[in-house]
Every structure is written in structure tokens, then in C-alpha cells.
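Here is the naming used below: chain letters follow the sequence lines, and residue numbers restart at 1 for every chain.
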Amino acid sequence: MPELPEVELARAVLEGALDRTIAAIDDTDHWVCRPHAPGEIAAALVGGRLTAARRRGKAMWCETRVGGGPGPDLGVHLGMGGQIVVDGRVGPTGPEHRDPGPRKPEWDRFTVTFADGGSLRLFDKRRLGRVRLDPDVDALGPDAETITREEFRTRVGRGRSAVKARLLDQSVLAGVGNLLADETLWQARVSPSAPADELGAARLDALHDALEAALEAAIAHGGVHTGEVIRHRRPEGHCPRCGAPMVHGTVGGRSTWWCSAEQA
DNA sequence: AACAATGTTCAGTC
DNA sequence: GGACTGAACATTGT
């Protein structure tokens, strides 16, 4: 689930955890909390509180106050399938929201318990999510939601690798994942394997517009899985616009589907 | 059982 | 040194 729209929805859920005293933290999952030692995050934040929930691309973090002064930021990355759960509530983050399925307690990889009895948890079956203090977000490119047309042109339209690889490169722009990339390319009728530097301004602008529209729709509807082409992203799938078969391949190292006619 | 999965990162190669 | 590629990472589901 987690691409920019899901992370934004999770960030909104995170706001429910602000301004509450932190009574305890379970940071004993050494993989999710690496490189911190068990207890390190707890020692830094217990007694303090979260004061703001921020996001850049797929990276999220909370500003904090501890002992009357600013504390370290608490960074949270959802990885491939993580969810933020505050007081037992999750945001609308994909198919699992409609059908939550089993929720084994051991899939809670990180837990903040508040003095009022509530909690903030990172729920993550796959364990590819990550929690760390003072995450470095400076290496990320501009957020996909706010990047300007001009910035998009110069950053995405550079290099001879496939345009999809550029869209997925978080240092080029932050927030686009595999499904959103396929949706954006399909909306703009651009081949995922087209070399980025051969696109030209018109098609780069079309991609930018398609991205903004896809982001807005995904946030409004609850996640990238609601994209128009996403459910046709399967064997025997057909383009919902022209009816031509969808084809599958690997582009930029990721599983990719595109319309055999319109994105040739 | 083998393989793919909505993400990131690191070791290689050009 | 920068740009780019593919495997590895931990785990679940098909």
C-alpha cells in the first residue's frame, strides 16, 4: 500500500497521537529500529510528546518536545506494507482496510504507549518498515505533490535511463512508487521504457499533470490501488480506455504493466 | 515449493 | 566520481 497517498493518509492518522505524554516505548525490534540499540529510542523520548506530523515523499516523521526543549525527530517509514495505528484506528490504506484479516500481535513492530492509555503502533507484516531517530530526509528530491512543472521537467527529463526508473528514483522526486508510476505513465500515454532525456517538454508536462491528477484521486479515494488502470494490471488485462491488451515486463527493476497500443 | 510483492539500500559495473 | 543495474533485505501470500 504505501506510496505517497497512503503515507499522507497515515500522516493524518498520526496527528491523533500529538500532544500526549509518552509513557513507554517498545523499540525492541532491532531490524525495524536499526541502527538503534533496543531501548535507545525509548530513552530519548519517554516523558516527552510528539508535537507535529510531517511528510516528504514516503518518509514521515514527528517533531518532539522532551524535558521542556526540542527533542529528536521520530522518523517512520512504512516500507512495503506498513500501517500506522493510533488508538486501534488505521487510515484508509488500501484493500486491507476493507478486509483487515488477521492482525497478529507480533506484527506490531514498534509501539508508543501514552500516559492516557492510548497507543501509536507501526503494524507491518513484512517487517520492511523502519523507525529511527532524526532520519535524514535531505537526500530526497522535492515532494511529488508540490513539485512545479519546471522542476519536474528538468529533474525527470534527465539521463538516458527509462522514464519509469526516473519516476521511481526518490532523489529525483519523492513519493512515487511502482503502482503510481504505472498509473501516471498510462494516464499520460507514455511508454515506461522511453529514455527520460528523449521525452521532450510536452510529454514531460503531460506526465506532470497526470501525476498531480493521480495523486489527488488516490488521496481522495483512499490509496493508489484505486487508480483507473491498476485493476487491469494483471494477466489477460485490457486497457480501460482503448481495449488493447495490457502487457507486462520489467522496467527499472520493477514489475511493470502498460497498454500495448497507447504506450508503445 | 518456487516465485512475486505497493520499498530501500548496497555492491558492483560502466 | 557520477550514472545506472541487479541482488539482497524479512516476511507473507499465492
query: Given the P atoms of dA11(B) and dA10(C), what is the spacing between them in whole Å?
result: 15 Å

Counter-base of dA10(C), judged by Watson-Crick or G-U geometry with both distances under 3.5 Å: none

message: Counting the atoms with a prime plus P, OP1 and OP2 as sugar-phosphate, which does Gly159(A) contact under 4.0 Å by heavy atoms, base, sugar-phosphate, or nothing?
response: sugar-phosphate

message: Distance criterion of 3.5 Å, no angle test: do you see the side chain of Arg254(A) paired donor-to-acceptor with the base of dG7(B)?
response: yes

message: Suppose you measure atom P in dT6(B) against the same atom in dC4(C); what distance do you get, rounded to whole Å?
response: 23 Å

query: Expressed in angstrom and rounded to an integer, what is the separation of Gln83(A) atom CD from dT6(B) atom P?
result: 16 Å

message: Counting only side-chain nitrogens and oxygens, does His77(A) get under 4.0 Å of the OP1 or OP2 atom of dG7(B)?
response: no

Cluster check Val76(A), Val66(A): I/L/V/M/F/W/Y, side chain < 4.5 angstrom: yes

query: Which residues, if any, of residues 162-183 of chain A bring a heavy atom under 4.0 Å of DNA chain B?
result: Gln170(A), Gly177(A), Asn178(A), Leu179(A)

task: In whole angstrom, give the distance that lies between atom NE2 of His248(A) and atom P of dC3(B).
output: 15 Å

message: For a quick check under 3.5 Å, do Lys164(A) and Ser193(A) share a side-chain donor-acceptor pair by atom type?
response: no

- request: Quickly work out the Lys125(A) NZ to dA4(B) P distance and round it to whole Å.
  value: 20 Å

- prompt: Is any side-chain heavy atom of Trp61(A) closer than 4.5 Å to a side-chain heavy atom of Asp134(A)?
  reply: no

task: Work out which heavy atom in Val163(A) is nearest to a heavy atom in Ser191(A); give both atom names and the distance.
output: CG1-O, 3.4 Å

- request: Considering non-hydrogen atoms only, spot the tightest contact between Leu78(A) and Ala10(A) and give its length.
  value: CD1-CB, 4.0 Å

query: Do Glu151(A) and Thr148(A) touch side chain to side chain, with heavy atoms closer than 4.5 Å?
result: yes

- request: Tell me, please, the opening and closing nucleotides of DNA chain C, 5' to 3', among those with an atom under 4.0 angstrom from a non-hydrogen atom of chain A.
  value: dC4(C) to dG13(C)

- request: Evaluate whether atom CD of Glu15(A) has more than 12 neighbouring non-hydrogen atoms of other residues, nucleotides or ligands under 6.0 angstrom away.
  value: yes

- prompt: According to the Watson-Crick and G-U wobble definitions, with both distances under 3.5 Å, which nucleotide is paired to dT13(B)?
  reply: dA3(C)

- request: Answer with base, sugar-phosphate or nothing: what part of the nucleic acid does Arg127(A) contact at a heavy-atom distance below 4.0 Å?
  value: sugar-phosphate

task: Indicate, with yes or no, if Leu199(A) and Trp258(A) share a hydrophobic cluster defined by side-chain heavy-atom contacts under 4.5 Å among Ile, Leu, Val, Met, Phe, Trp and Tyr.
output: no

- prompt: So, Arg103(A) versus Gln83(A): side-chain donor-acceptor pair below 3.5 Å or not?
  reply: yes

query: In whole Å, what is the span from the CZ atom of Arg55(A) to the P atom of dG7(B)?
result: 14 Å

field: Separation of atom CD in Glu6(A) from atom P in dG7(B), rounded to whole Å
entry: 9 Å

message: Rounding to an integer number of Å, can you tell me how far Leu78(A) CG sits from dG7(B) C1'?
response: 10 Å

